[in-house]
Amino acid sequence: MTMEFTDRLTRVEPSATLAISALATELEQEGADVVDLSVGEPDFPTPRNIVDAGQDAMDAGHTGYTTSAGILELREAISAKLAADGLDHGPEEIIVTPGAKQALYEIVQALIQDGDEVALLDPAWVSYEAMVKMAGGDLTRVDLSDSDFQLEPALDDLAAAVSDETELLIVNSPSNPTGAVYTDAALEGVRDLAVEHDITVISDEIYKEITYGVEPTSLGTFDGMADRTITVNGFSKAYSMTGWRLGYFAGPEDLIDQAGKLHSHSVSSAVNFVQHAGVEALENTDDAVTQMVDAFGQRRELVIDLLDEYDVDVAVPDGAFYMMLPVADDDQAWCEGALEDAHVATVPGSAFGTPGYARISYAASEERLEEGIERLAEEDYL
């Protein structure tokens, strides 16, 4: 029997990172010591108070279904967190999801259909493109690589790319993969274009709590954006809870009603006891988050200094825990070679829509970062 698969899946290419991941696994199975600078998650354990809260919730019997949108206690805590960021969303305008990726998927499915135009700012996180294609949308892309990955100098390019036909713009600040934090002037420019062309905007703020000397502004706080911005965040990065799978989105109540249909008919709800742990994360974990961010900041400086020793100039990230390393035009071949020869795993920039770069993550110990950069230099990859 030959199965026929749907267009919504066959039009999506496998992730460009799969070949790197498979090769890294193969090398490790052969006994190689691979320095993994490709990881997209903190290398810190989940803070103890969050783990205890999850265990306490299980012991208390919170192991059944919850309401589909999430337990009220967590949605109220999220509402308070959003209010502190200047956003006005009551619990009825929030859906709790199994990870922020599920939140993004539900939003795109609710808003985009065949032929709808979606604008991305490149480099863009790999799954945005796949989600849009699965919904049948068409992509318009704006390259930020010539402006050190900042949006403000590229606002004219964005203005030229969007139109009255643009249904959705996705903004991710702080950015994966660049670590760029967009200025208020850049976000005001987004606001002006969104209002002019009646564009809905997703503000992906999953790295909002991981910044260095800057305070990112939530896009939905700008005049004219409250009713056209959908704010996405989660617990994976700031609270080192990647495997817990907990995220959320907040937006206009009519979106919540429609996206809630997909949510209830697919995942039903986020895990009950994990949601209780999420309340603890939001309310009692600021010190642990600060300590983690301070460590990332020190590692960022270390990597910049190490690269400077080899005359490698990079755009300094103001957030997240990534930076883009300029490499050969064929970045896929560069990443494969760096892995085979230096046993250092990175992610090709083409996976994010920006060839000629490799994304490196400094969510690794200082010792491993030093080892990785040294190996790349020794094998002439820097």
Side-chain angles (χ1 to χ4, degrees), residues 8 69 78 82 85-90 92-97 100-122 124-125 127-142 144 151 154-155 157-173 175 182 184 186-206 208 216-234 247-263 353:
R8 63 179 170 270
I78 293 169
L82 294 172
D85 292 337
L87 299 166
D88 182 17
H89 291 288
E92 72 283 356
E93 293 184 332
I94 295 166
I95 293 180
V96 178
T97 55
K101 182 180 285 188
Q102 177 68 20
L104 290 161
Y105 178 77
E106 292 178 9
I107 296 164
V108 172
Q109 286 291 317
L111 295 176
I112 300 303
Q113 53 193 352
D114 287 349
D116 284 348
E117 180 183 300
V118 179
L120 294 183
L121 304 173
D122 284 337
W125 179 56
S127 292
Y128 296 145
E129 176 181 355
M131 290 177 186
V132 170
K133 286 185 174 180
M134 282 188 280
D138 296 326
L139 288 162
T140 296
R141 312 188 74 128
V142 179
L144 306 185
L151 175 57
L155 281 174
D157 294 335
L158 178 59
V162 300
S163 69
D164 291 347
E165 301 301 313
T166 307
E167 293 290 336
L168 183 66
L169 168 63
I170 302 178
V171 176
N172 175 209
S173 175
S175 163
Y182 301 147
D184 283 3
L187 299 182
E188 287 171 356
V190 169
R191 183 270 314 280
D192 293 344
L193 292 169
V195 171
E196 177 185 354
H197 297 295
D198 194 24
I199 301 170
T200 299
V201 183
I202 293 176
S203 182
D204 183 349
E205 302 182 3
I206 189 67
K208 191 173 191 294
T217 304
S218 290
L219 184 56
T221 63
F222 289 87
D223 289 344
M225 292 303 291
D227 292 335
R228 66 175 69 253
T229 303
I230 306 155
T231 301
V232 175
N233 207 326
Y248 59 87
F249 63 101
E253 200 163 349
D254 56 348
L255 167 78
I256 298 300
D257 290 342
Q258 295 301 314
K261 297 176 185 178
L262 175 59
H263 185 75

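Every heavy atom of this structure was used, including side-chain atoms; hydrogens, water molecules and symmetry mates were not.
Between Leu262 and Tyr105 there is a side-chain heavy-atom pair separated by less than 4.5 Å. Annotation: side chain of Ile112 is in contact with side chain of Glu167 (closest heavy-atom distance under 4.5 Å). Looking at Leu121 and Tyr182, their side chains come closer than 4.5 Å, going by heavy atoms from C-beta outward. Side-chain atoms of Leu82 and Asn233, non-hydrogen and from C-beta on, never get closer than 4.5 Å to each other. Within the 4.5 Å cutoff, the side chain of Glu205 has no heavy atoms near those of the Pro216 side chain.
Nearest heavy atom pair, residue Tyr248 against residue Gly234, reads CE2-N, 4.0 Å. Of all heavy-atom pairs spanning Ala259 and Glu106, the tightest one is O-OE1, 4.1 Å. Pairing each heavy atom of Thr166 with each of Ala161, the nearest pair is OG1-O, 4.5 Å. When all heavy atoms of Lys208 and Asp85 are compared, the pair lying nearest together is NZ-OD1, 3.5 Å.
In this structure, Arg191 CZ and Glu196 CD are separated by 12.0 Å, a value rounded to the nearest 0.5 Å.
Residues Ser163 and Glu165 bring no donor and acceptor atom of their side chains to less than 3.5 Å of each other.
Formation of a donor-acceptor pair under 3.5 Å by the Asp116 side chain with backbone atoms of Gly137 is not found in this model.
Environment of CG in Asp138: crowded, with over 12 heavy atoms of neighbouring residues, nucleotides or ligands closer than 6.0 Å.
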Name the atoms and distances for all side-chain donor-acceptor pairs under 3.5 Å in residues 219-228, with sequence neighbours left out.
residue, atom, partner, partner atom, Å
Thr221, OG1, Ser218, O, 2.7
Arg228, NE, Gly224, O, 3.3
Arg228, NH1, Ala194, O, 3.4
Arg228, NH1, Asp198, OD1, 3.1
Arg228, NH1, Ile199, O, 3.2

